[in-house]
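Encoded as structure tokens, the structure appears first; notes follow it.
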Amino acid sequence: MANARSGDNSPIEASAQLEERLLEITGDIAEDGDAPEFNPVTLDLDADLSDGDRPAGYEVTFRAGAELFKGGNEPAALFVALRRLGNVTVRASLDDVPPLSDLDAMDCAISWTLSIETDKSQADIEDVFEFVEDCCDLSIEEIRLPSPGVSEVEDAGEGGDMDPASLDMPDLSDLVTELGGGKSADDATADSPLAADGAAEGNDTVPPAKSAEKKPKSSDTIRVDLERIDKLINLVGELVIKEAMLSQSVDELDIARGSGVSAALDSLKQIASEIQEGVMAIRAQPVKPMFQRMARIVREAGNATGKRVRFVTIGDYTEVDKTVIERLVDPLTHMIRNAIDHGLESPDKRKDAGKPVEGTITLSAAHRSGRVLIDVVDDGGGINREVVRNLAVERGLIQDTDTLTPAEIDNLLFMPGFSSKTEVSELSGRGVGLDVVRSAIQKLGGRVAIHSEPGEGATFSISLPLTLAVLEGMVVEVGGETMVVPISSVQETVRPTEEDLDRLGVGSVVLRNRGELVPVVDLGAFFGFRRAPETLEDHVLLLIASDQGPRYALVVDAIQDQRQVVIKSLETNYQQISGVAAATILGDGRIALIIDADTIMRDLGSGGPGEKPMKMAG
């Protein structure tokens, strides 16, 4: 075994000798050279004879929680999976089902008891429920039956002492001595491959060794309640904040960089950063369980539309924050249904277009630039931009005279109430559009974009933060207030000159940037901190890549720093504020708002906070 682990395939002389000796002991080599008739004898070295019974199966008690159904899972599918392990008997308990008048549609009042006859281990049973263990009540108990071997021993004991020779076991004492490194059967210990603790004094027959108690099964993982992990993450966040406060205090004292205090502070920063990364990794989980849920969505949508669909996943083991995974299930479900219902052509149309009759939906995940990219790709007909534009005009979303780029036409699909389906089907016509998908992704601090080529399909790309606890942000000053702009939204920073700016109409200003006219929005005026400044030469413009439409520029007074900040939810501690995603605590103890750059243009267009869009004083 040692040689096998090390990859050494050279012959072992001791193995040949032991094999020959073993054949002699078991009688497989007869003196006349003819092999005797083989009568197999089963020796169960793992059976616990002291218990007098053996596992014959398991009894599983199962009750689904509301989150189980929200995630697209079904108890029936789990029971079918159990059948692959053995014979299953299912009994439903209706004792907790309330009267119809008191019934809660979101609560599963039925519980199930399943008896399974199997030779599999309890770990195999637990694997069936691996992806739903956090959203159900589950218990697994062994069903134990009397062991025939033990019964025979007990019967023999009733009439007198049992003769070990009656078990027709070979004499292994010499072999035990050889394997034990020269020890006799009497002094062989538990560290020998075959211990002789059970050998009776004066008896040459050595039964299989058995320790007094079972050793606990070793495991490389432990289960920890999610609430404890969240508490630990909050404490690490506080540690990061205190470290930032300490750093700022040291800077204010003007302590030399080479001093002991400075060196200790640098070490503290490194340790705090490593702890933070380690704790964040605890919450990280592979997206594979979520991808597996989507397989059922693809199958159901294909059956509902009469389309043959092949489902492909890439990057199943890409790790994402657990909270992100949970909140991404519903948007992904809708996007996949949309891709099958709207994107893939019917089998006849695909055949006419020279494509395989079976369409393909590809779901992929990857890490890139500190974020998670998830793509939903179909090989359908792509977005019919002419139809999309005409529907948008018909619904009053745009004017017939508006000039839109292909990307802007594609983004019309995310506008509230937009739908390219005229008929109501099982998948369409529910009043839920891609605008809900975009809103859900934006609440996670993510972005969604579309890329489509006519006749070649469409790709919906979702960009998400690795975690919802820490954000890489740009700390800016606006009207005497300190705010944080997510660095993922900032394309570039510009110190404008008068030649870079153009005034349109009364007070509206645009920036010339790389051959494009970019609308200018004063962040201070948006939140009502001040009136918009008359000139912008002394200010900084942040070019924002917004999912809501074209780029725009945010006016700030100065950029203070770029750093990681700990996210504190405003909705949990206060209330939701338009244009604000969350808050954080800076190194000096002040609270800074984290802006929601993707919603500012939308709020301005609807007459949201502050002044009207892109107005400048004078």
Side-chain angles (χ1 to χ4, degrees), residues 1 42-69 71-93 95-96 108 110-151 153-154 190 195 208-229 282-283 285-286 288-293 295-296 316-317 322 325-326:
M1 292 176 64
T42 301
L43 299 178
D44 187 359
L45 300 180
D46 293 327
D48 190 352
L49 300 181
S50 62
D51 292 343
D53 55 4
R54 57 185 172 83
Y58 301 88
E59 184 173 89
V60 179
T61 304
F62 174 82
R63 181 166 181 169
E67 294 298 325
L68 183 140
F69 299 102
N73 292 285
E74 292 180 357
L78 299 173
F79 302 161
V80 170
L82 277 178
R83 287 184 179 175
R84 302 190 187 103
L85 304 181
N87 296 326
V88 179
T89 303
V90 183
R91 301 186 302 276
S93 174
D95 297 340
D96 297 333
C108 180
I110 304 175
S111 61
W112 292 271
T113 301
L114 303 94
S115 299
I116 176 171
E117 299 177 13
T118 180
D119 58 354
K120 303 295 184 180
S121 66
Q122 182 169 333
D124 294 324
I125 307 295
E126 293 172 349
D127 286 345
V128 174
F129 299 92
E130 178 182 2
F131 304 126
V132 298
E133 59 185 1
D134 295 336
C135 49
C136 72
D137 295 329
L138 178 69
S139 68
I140 303 175
E141 301 291 340
E142 289 184 353
I143 301 175
R144 308 190 72 87
L145 296 178
S147 172
V150 175
S151 298
V153 173
E154 292 174 349
K210 188 63 188 178
S211 59
E213 61 181 7
K214 293 182 178 180
K215 294 182 179 180
K217 184 179 179 181
S218 62
S219 176
D220 295 333
T221 61
I222 59 173
R223 292 192 179 186
V224 180
D225 186 73
L226 186 59
E227 185 177 348
R228 294 187 178 184
I229 301 296
I282 294 177
R283 282 186 62 98
Q285 290 187 344
K288 182 177 181 179
M290 178 179 64
F291 280 15
Q292 289 177 331
R293 294 182 187 182
R296 186 176 68 88
D316 294 29
Y317 291 96
K322 178 178 175 63
I325 293 179
E326 291 173 351

- Message: Just so I know, are the side chains of Ser115 and Arg91 near enough to count as touching, which here means a heavy-atom distance under 4.5 Å?
- Response: yes
- Message: Any non-hydrogen side-chain atom of Leu68 less than 4.5 Å from a side-chain atom of Pro75?
- Response: yes
Which heavy atom of [X] sits nearest a heavy atom of [Y], and at what distance?
X	Y	result
Lys120	Leu85	CG-O, 4.0 Å
Ile110	Ala92	CG2-CB, 4.2 Å
Tyr317	Lys288	OH-NZ, 3.0 Å

- Item | side chain to side chain donor-acceptor pair (under 3.5 Å) against Glu59, all qualifying residues, sequence neighbours excluded | none
- Message: Given 3.5 Å as the limit, does a donor-acceptor pair link the side chain of Arg63 with the main chain of Cys108, or not?
- Response: yes
Nearest-0.5 Å distance, [atom1] of residue [X] to [atom2] of residue [Y]:
X	Y	atom1	atom2	result
Glu141	Gln122	CD	CD	7.5 Å
Ile140	Leu138	CD1	CG	4.5 Å
Arg84	Thr118	CZ	OG1	13.5 Å

- Message: Looking at Arg228, I want to see if its CZ is surrounded by more than 12 non-hydrogen atoms of other residues, nucleotides or ligands under 6.0 Å.
- Response: no
- Query: With respect to Leu82, which candidate in Val90, Asn87, Val128, Asp124 satisfies the side chain to side chain contact (heavy atoms under 4.5 Å, CB included) definition?
  - Reply: Val128
- Query: Can you name the one residue among Leu78, Thr113, Asp137 that meets side chain to side chain contact (heavy atoms under 4.5 Å, CB included) with Phe62?
  - Reply: Leu78
